[in-house]
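Counting starts at 1 for both ligands and their atoms, following the listed order.
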Amino acid sequence: MVSLQLNAVCAGYGRTPILTDISTPIFKGGQVVALIGPNAAGKSTLFRRIAGVMKGAGEVLVTGASSPQAVCYMPQDTGANPVLSVYESIILARMQGRALKVKGDDLAKVDEVVDLLKLESISHHNIGDLSGGQRQLVSAAQALVRNPDILLMDEPTSALDLNRQIELLRIVRALAVEKKMLILIALHDINHAMRFAESVMVLSGGRLRASGPTSDVITPNLLREVYSIDARIEHCSKGIPQVIVDDVADQP
Ligand SMILES: Nc1ncnc2c1ncn2[C@@H]1O[C@H](COP(=O)(O)OP(=O)(O)OP(=O)(O)O)[C@@H](O)[C@H]1O
């Protein structure tokens with residue numbers, strides 16, 4: 001099974017350091033890990049560093065991967081050419097880094113993902129004609145179709161309506177369990193983190209403020225220190241902890 005551990009990881013842009021000394025426990029496949037933190041905390045930068053798009057000091061240790069292209073980074077929006085159809089853009093994502101000949105099992109995988117994310121009705125539409133939420137679902141499809149061992153999803157629900165947010169996160173969680181994938185998701189919605197992630201990493205100012213089981217880490221104290229809000233943890237009718245925000249905290 002795949003596993004990921006960060007050891008004193010750093011990264012920056014030019015001479016400006018952004019991430020400092022990030023070390024984590026070992027995260028194993030089969031789970032969802034939420035990455036939370038305020039704007040500009042360094043969440044996307046950390047994903048780029050894990051995906052190998054950025055270099056820096058420290059180690060990103062991946063073991064048990066099934067292929068050399070174990071890690072897939074899903075940006076918030078699809079970068080696909082606007083004149084491609086949805087279906088074509090998903091095939092191209094599937095074929096990334098492989099021989100150009102599309103085989104039957106590639107098309108079967110594309111069909112599976114189109115079906116999973118309910119994209120049939122728009123599969124022949126051009127990317128340039130889609131709504132923001134539809135583009136975001138195509139970005140998710142482009143990531144899932146590659147069947148990575150480790151999937152880094154950067155705010156995958158930011159453009160989706162509430163129903164589709166829950167639907168996508170349910171699919172993601174089921175895939176993590178079923179395919180033993182390790183899925184890291186950057187989220188601004190703490191309640192989604194509490195509902196769908198076993199573990200959480202909290203970034204603030206480019207440093208790891210806390211990490212561990214979601215219900216242990218997300219507390220009123222942490223929310224006050226990291227987000228400057230006064231909040232309580234209540235439980236929904238299914239018994240899942242959820243954050244109720246009372247106010248913006250007084251600044252010290
Ligand atoms: N390409 C870049 N060149 C220079 N600085 C950058 C670049 N991308 C991001 N930064 C800076 O790095 C810092 C962290 O940005 P990053 O996008 O990683 O934060 P984030 O936690 O993902 O933020 P958000 O929640 O707002 O999406 C910010 O100060 C940002 O201005």
| message | Please classify the T45 to ligand 1 contact at 4.0 Å (heavy-atom distances, strictly less than): side chain, backbone, both or neither. | response |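 It is both backbone and side chain that touch ligand 1.
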| query | At a non-hydrogen distance cut-off of under 4.0 Å, which region of A186 contacts ligand 1 (side chain, backbone, both, or neither)? | reply |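 Neither part.
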| query | Do protein heavy atoms approach atom 30 (C) of ligand 1 to less than 4.0 Å? | reply |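 No; the ligand atom in question lacks any protein heavy-atom contact below 4.0 Å.
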| said: Is atom 27 (O) of ligand 1 near the protein, in the sense that some protein heavy atom lies at less than 4.0 Å from it? | reply: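 It does; a protein heavy atom is within 4.0 Å.
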| Measuring from the heavy atoms of G37, does anything fall under 4.0 Å of ligand 1? |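 The answer is no, since G37 has no heavy atom less than 4.0 Å from ligand 1.
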| query | Below 4.0 Å from any atom of ligand 1, is there a heavy atom belonging to P38? | reply |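 The answer is yes: ligand 1 sits under 4.0 Å from a heavy atom of P38.
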Is the shortest side-chain N to carboxylate O distance from [X] to [Y] below 4.0 Å?
X    : Y    : result
D21  : R207 : no
E112 : K109 : yes
D246 : R232 : yes

| request: Give the C-alpha distance, both sets of side-chain angles, the deciding distance and a yes or no for salt bridge (Lys or Arg N to Asp or Glu O under 4.0 Å) between R164 and D161. | output: CA-CA 5 Å; R164 286 189 177 81; D161 68 52; 2.6 Å; yes
| request: Report yes or no: do V62 and M181 belong to one cluster of Ile/Leu/Val/Met/Phe/Trp/Tyr joined by side chain heavy-atom distances under 4.5 Å? | output: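 As far as the 4.5 Å side-chain criterion goes, M181 and V62 are not connected within one cluster.
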| Derivation of the salt bridge (Lys or Arg N to Asp or Glu O under 4.0 Å) call for E198 and K28 | CA-CA 11 Å; E198 285 87 354; K28 287 190 185 298; over 6 Å; no
| In the protein, what heavy atom is nearest to atom 12 (O) of ligand 1, and what distance, to one decimal place, separates them? |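 Here the closest protein heavy atom is I18 CD1, 3.3 Å.
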| Nearest protein heavy atom with distance in Å, relative to atom 17 (O) of ligand 1 |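 Closest protein heavy atom to atom 17 (O) of ligand 1: S44 CB, 3.7 Å.
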